[in-house]
Amino acid sequence: MTQYPNLLAPLDLGHSTLKNRVLMGSMHTGLEETKDWNRVAEFYAARARGGVGLMVTGGMAPNREGGVFPGAAGLFSDEDIANHKIVTDRVHEADGKIAMQILHAGRYAYGPECVAPSSIKSPISPFPPKELDEEGIEKQIADIVTAAERAREAGYDGVEIMGSEGYFINQFLVQHTNKREDRWGGSYENRMRLPIEIVRRTREAVGQDFIIIYRLSMIDLVPNGSTFDEVIQLAKEIEKAGATIINTGIGWHEARIPTIATSVPRAAFTWVTKKLMGHVSIPVITSNRINTPEVGEEVLAEGCADMVSMARPFLADAEFVKKAIEGRAETIAPCIACNQACLDHTFSGKISSCLVNPRACFETELVIEPAQATKTVAVVGAGPAGLSTAITAAQRGHKVTLFDRDTQIGGQLNMAKQVPGKEEFFGLVDWFEVMVKEAGVTLKLGLEVTAEDLTGFDEVVIATGVVPRDPEISGQDGNNVLSYIDVLRHKKPVGKRVVVVGAGGIGFDVAEFLVHEGESPTENLEEWKEEWGVGDPAKTPGGLAPEGPQPDAPARQVTLLQRKAERPGKRLGKTTGWIHRAALKMKGVEMIGGVNYESIDNAGLMVSTGETRENPRTIEADTVVLCAGQLSDRSLADALEEKGVACHVIGGADVAAELDAKRAIDQGTRLAAKL
Ligand code: NAP
Ligand code: SF4
């Protein structure tokens with residue numbers, strides 16, 4: 001008897017049956033643009049072998065003007081169709097099902113040819129769109145229908161028509177972006193004509209035995225978004241027009257409320273989908289921040305939807321469903337919703353991967369094979385770099401011993417997990433613990449190893465991490481001064497007025513830790529909704545709370561400082577930096593750049609500005625916390641070198657600048673693949 005009876009139940013779609021209720025949601029990985037079709041096929045086939053019920057590809061442009069950026073992938077020629085057939089064949093050989101997403105970006109397109117219902121520039125693209133005339137609208141519909149026909153020809157089991165997230169179709173639905181006065185604008189009947197026509201004509205073109213998923217924005221999270229009555233009306237019309245499944249979209253891309261980041265509570269928006277249940281008779285999919293089989297099962301058992309969509313969790317672990325079926329959920333690599341290797345890559349023009357699983361999208365390049373000869377391997381340091389090396393090397397058949405002077409594994413992850421909004425790191429450390437055991441790594445904790453202890457191994461890997469950088473501020477030895485380690489690891493008492501020196505990733509984390517007390521809003525959905533101003537779309541169009549964000553009062557008065565004159569937090573993650581900055585702003589944290597640190601005394605920290613150190617002033621504080629960056633801890637590596645023992649140095653011990661778990665895990669895994 002499975003623990004997940006709802007999640008693993010088949011879903012009968014009439015002409016075909018899905019083997020379970022798990023959808024791998026659409027993700028733009030950048031793989032299709034590589035034109036390495038073997039690589040694309042292997043990415044999807046690995047997930048098909050992993051047992052997922054249905055997959056949706058990244059968004060494919062129906063035409064040049066609708067591409068998210070110039071050169072975005074689409075099915076434009078017979079050659080494109082033949083290439084996509086390589087993918088669908090490989091998926092079908094693996095007994096999987098795959099639908100192609102058709103994504104018309106409208107005014108979100110990052111290109112001068114973009115088109116929209118009205119010529120209103122979006123806040124996230126510099127290009128004002130051209131307003132379409134009647135003929136232009138007919139062309140867009142025809143192109144979307146043609147894309148669906150081509151998808152069918154290419155062997156896809158269906159298409160997903162992207163009608164949410166503020167893209168083209170969504171732009172017709174709300175008056176915020178649709179100011180037309182013809183039959184495509186004005187009344188809601190007119191504004192929803194476009195999606196209905198698209199679905200109706202697509203169904204006519206592709207026949208009955210082809211899946212059409214319509215992704216419908218159920219809570220726009222922008223001012224003057226759709227009302228929930230409109231959402232229900234649209235869903236009913238979309239069903240009538242011939243859709244097979246309705247998928248949930250949450251929030252436009254320009255919304256200023258986080259919808260998928262790690263600080264968003266798990267399954268934070270399934271209550272929105274639940275409001276639609278019973279209004280349509282076709283299956284409904286819910287999504288956003290569902291990342292374990294337990295959460296998926298709970299959501300379905302509560303009647304929030306007929307199926308769940310998870311996207312990033314399939315980057316973290318291609319075998320998510322298979323492991324759930326086998327009752328091995330604790331071995332599923334957890335998606336911690338950090339965006340660091342997936343969305344941040346997409347928005348930097350890089351191919352997506354996964355912080356937890358560097359093989360994601362690199363399946364054909366980073367191959368983990370059994371070792372030709374078994375070696376003894378010592379790994380020193382049980383942080384993310386050392387853990388990934390040890391686990392991968394042991395999985396390949398090596399005899400691995402992992403040392404750490406701490407009595408627990410995880411290294412800096414154990415500090416990250418203390419930060420409100422970063423609770424997913426608990427699951428990551430737990431997963432590492434399971435995998436260390438499963439791989440058969442010998443763990444030696446609470447042991448300070450010396451160079452002498454490491455002489456008998458075939459391979460030695462040094463992953464000893466980092467030490468805090470000393471900012472050398474006069475008076476920093478006072479007992480009102482702490483390091484981030486004192487605060488996050490040793491939980492030393494911190495006063496009510498705090499100055500944080502250094503506004504990097506750790507400075508922001510420490511500030512977040514210090515302004516909160518009690519339960520983290522990430523663990524309490526109602527509190528989180530209040531904090532960010534998420535309301536009920538049945539009461540306010542778009543679902544923004546009329547009273548706006550209502551964060552709790554900050555637990556402390558925090559000032560965050562840096563020497564660089566740029567905006568603090570500018571270098572944080574591309575897709576999450578704004579959330580960290582907004583969260584601290586809501587808590588009244590003052591962020592100041594361009595200061596010199598003069599001295600610390602009992603009154604606080606004296607700073608000045610400019611090269612000539614003008615305007616000295618004291619920022620009053622009970623506690624000063626130093627977060628001035630980190631330096632490599634190479635002491636053991638240097639001692640080994642002196643003894644002439646060869647070693648591999650990885651992670652923070654190798655390069656401390658811009659160290660993060662993504663680089664550490666990637667470097668550790670790649671090294672272990674070659675040992
Ligand atoms: P960091 O991001 O490099 O920031 C170091 C901070 O210290 C900067 O604000 C820097 O600004 C300041 N600083 C540097 N030298 C200094 C000196 N001599 N005296 C005083 N201040 C000095 O490093 P981190 O905060 O230690 O974080 C370490 C790594 O972990 C980073 O790569 C970070 O991205 C990563 N991390 C990421 C997250 C995340 O949310 N993604 C969270 C935690 C950590 P000025 O030089 O302008 O003063
Ligand atoms: Fe999830 Fe982070 Fe991996 Fe993206 S990079 S899939 S958010 S764990």
Side-chain angles (χ1 to χ4, degrees), residues 27 29 260-264 289 291 310-318 320 333-346 352-361 383-384 412-413 415-419 421-422 424-425 427-428 431 465-473 476 483-485 488 500-513 560-577 579-581 583 591-597 605 607 624-631 651-652 655-666:
M27 285 176 282
T29 59
I260 60 166
T262 192
S263 58
V264 175
R289 285 293 279 122
N291 65 343
M310 291 178 251
R312 297 170 298 170
F314 283 96
L315 292 179
D317 200 327
F320 184 104
C335 165
I336 56 170
C338 63
N339 287 358
Q340 283 173 248
C342 51
L343 275 175
D344 284 352
H345 277 206
T346 304
S352 287
S353 187
C354 174
L355 173 141
V356 178
N357 172 24
R359 293 202 64 230
C361 299
Q412 297 227 40
L413 299 176
M415 283 196 280
K417 72 188 187 188
Q418 305 301 331
V419 178
K422 291 202 163 178
E424 290 291 351
F425 282 88
L428 181 56
W431 174 75
V466 289
V467 288
R469 177 189 283 126
D470 180 356
E472 298 176 9
I473 305 172
Q476 68 178 32
S483 76
Y484 60 91
I485 300 174
L488 295 176
V500 176
V501 170
I506 293 180
F508 265 75
D509 274 2
V510 164
E512 188 82 48
F513 177 81
L560 187 55
L561 301 177
Q562 74 180 18
R563 297 171 308 170
K564 283 187 285 294
E566 70 190 30
R567 182 173 51 128
K570 190 178 164 209
R571 295 160 199 241
L572 296 174
K574 250 196 154 42
T575 62
T576 53
I579 303 171
H580 296 300
R581 289 190 295 271
M591 301 177 215
I592 309 174
V595 297
N596 309 305
Y597 305 120
L605 172 65
V607 295
V624 176
V625 184
L626 305 179
C627 307
Q630 317 188 94
L631 302 173
V655 180
E658 287 171 22
L659 166 70
D660 62 11
K662 177 182 80 170
R663 173 155 66 77
I665 293 173
D666 184 75

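For ligands, and for the atoms within them, numbers begin at 1 and follow the listed sequence. This structure is a prediction, so every number in the text was calculated from the model and none was measured. Along the sequence shown, the residues carry numbers beginning at 1.
Considering backbone and side-chain N/O atoms, Ala503 comes within less than 3.5 Å of an N/O atom of ligand 1. Backbone and side-chain nitrogen or oxygen atoms of Val501 are examined, and none is located within less than 3.5 angstrom of a nitrogen or oxygen of ligand 1. Geometrically, ligand 1 and Asp660 share no nitrogen or oxygen pair separated by less than 3.5 Å.
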Take Tyr484 and Gln412 through the test side chain to side chain donor-acceptor pair (under 3.5 Å) and record every step on the way to the result. CA-CA 11 Å; Tyr484 60 91; Gln412 297 227 40; 4.8 Å; no
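At the shortest separation from atom 5 (S) of ligand 2 among protein heavy atoms lies Leu355 N, 3.2 Å. Given atom 8 (S) of ligand 2, the protein heavy atom at minimum distance is Ile336 N, 3.3 Å. Shortest contact from atom 27 (O) of ligand 1 to any protein heavy atom: Ile506 CG1, 3.5 Å. Ranking the protein heavy atoms by distance from atom 37 (C) of ligand 1 puts Gly505 CA, 4.0 Å first. Looking only at protein heavy atoms, the nearest one to atom 23 (O) of ligand 1 is Gly629 CA, 3.9 Å. Counting protein heavy atoms only, atom 19 (N) of ligand 1 is closest to Pro471 CB, 3.4 Å. Of the protein's non-hydrogen atoms, Leu659 O, 3.3 Å is the one closest to atom 35 (C) of ligand 1. Protein heavy atom nearest atom 1 (Fe) of ligand 2, with residue, atom name and distance: Cys335 SG, 2.4 Å. Of all protein heavy atoms, the one closest to atom 4 (Fe) of ligand 2 is Cys342 SG, 2.3 Å. Looking at atom 1 (P) of ligand 1, its nearest protein heavy atom turns out to be Gly504 CA, 4.0 Å.
For Lys422, the heavy-atom gap to ligand 1 drops under 4.0 angstrom. The shortest heavy-atom distance from Cys627 to ligand 1 is under 4.0 Å. Residue contacts with ligand 1 leave out Leu572, since none of its heavy atoms falls under 4.0 Å from the ligand. Every heavy atom of Tyr484 sits 4.0 Å or more from the atoms of ligand 1.
Heavy-atom proximity to Glu658, at under 4.0 Å, picks out these atoms of ligand 1: 32 (O). Taking a cut-off of under 4.0 Å to the non-hydrogen atoms of Ala337, the atoms of ligand 2 that pass are 1 (Fe), 7 (S).
Side-chain atoms of Asn339 and Thr576 include no donor-acceptor pair closer than 3.5 Å. For the 3.5 Å distance criterion, the side chains of Gln418 and Asp509 fail to qualify, holding no donor opposite an acceptor.
When Lys564, Gln630, Arg563 are checked for heavy-atom proximity to atom 11 (O) of ligand 1, Lys564 turns out nearest. Considering Cys338, Gly573, Ala628 only, the shortest heavy-atom separation from atom 12 (C) of ligand 1 involves Ala628.
The backbone N or O of Asp317 sits nowhere less than 3.5 Å from a side-chain atom of Asn357 that would complete a donor-acceptor pair. Without hydrogens or angle criteria, Arg663 side chain to Val655 main chain gives a donor-acceptor distance under 3.5 Å. Judged purely by atom type and a 3.5 angstrom limit, Asp344 uses its side chain to pair as donor or acceptor with the backbone of Thr575. In this structure, Arg289 contributes its side chain and Val264 its backbone to a donor-acceptor pair below 3.5 Å. In terms of modelled atom types and a separation under 3.5 Å, the side chain of Arg469 and the main chain of Ala628 share a donor-acceptor contact. Not one N or O on the side chain of Glu472 forms a donor-acceptor pair closer than 3.5 Å with the backbone of Gln476. Looking only at distances, no side-chain donor or acceptor of Thr262 sits under 3.5 Å from a matching main-chain atom of Lys422. The closest donor-acceptor contact from the side chain of Arg567 to the backbone of Met591 lies at 3.5 Å or more, if one exists at all.
Atom NZ of Lys574 has 12 or fewer neighbouring heavy atoms from other residues, nucleotides or ligands inside a 6.0 Å radius.
Between Arg571 and Glu658 no salt bridge is recorded (no basic side-chain N to carboxylate O distance below 4.0 Å).
The side chain of Asp509, and not its backbone, has at least one atom closer than 4.0 Å to an atom of ligand 1 (non-hydrogen atoms only; side chain from C-beta on). Of the heavy atoms in Cys338, both backbone and side-chain atoms come closer than 4.0 Å to ligand 2. At a heavy-atom cutoff of 4.0 Å, ligand 1 is contacted by the side chain of Tyr597 but not by its backbone. When non-hydrogen atoms are compared, ligand 1 lies under 4.0 Å from the side chain of Arg469 (C-beta onward) but not from its backbone.
Between Phe314 and Phe320, the angle of the ring planes lies from 30° to 60°, which puts this pair in the tilted group.
Within 4.0 Å of atom 3 (O) of ligand 1, not a single protein heavy atom is present.
Side-chain contact between Ile506 and Gln630 is present, with heavy atoms from C-beta onward closer than 4.5 Å. Side-chain atoms of Lys570 and Lys564, non-hydrogen and from C-beta on, never get closer than 4.5 Å to each other.
The distance from atom 3 (Fe) of ligand 2 to the nearest N/O/S atom of Cys354 is under 2.8 Å.
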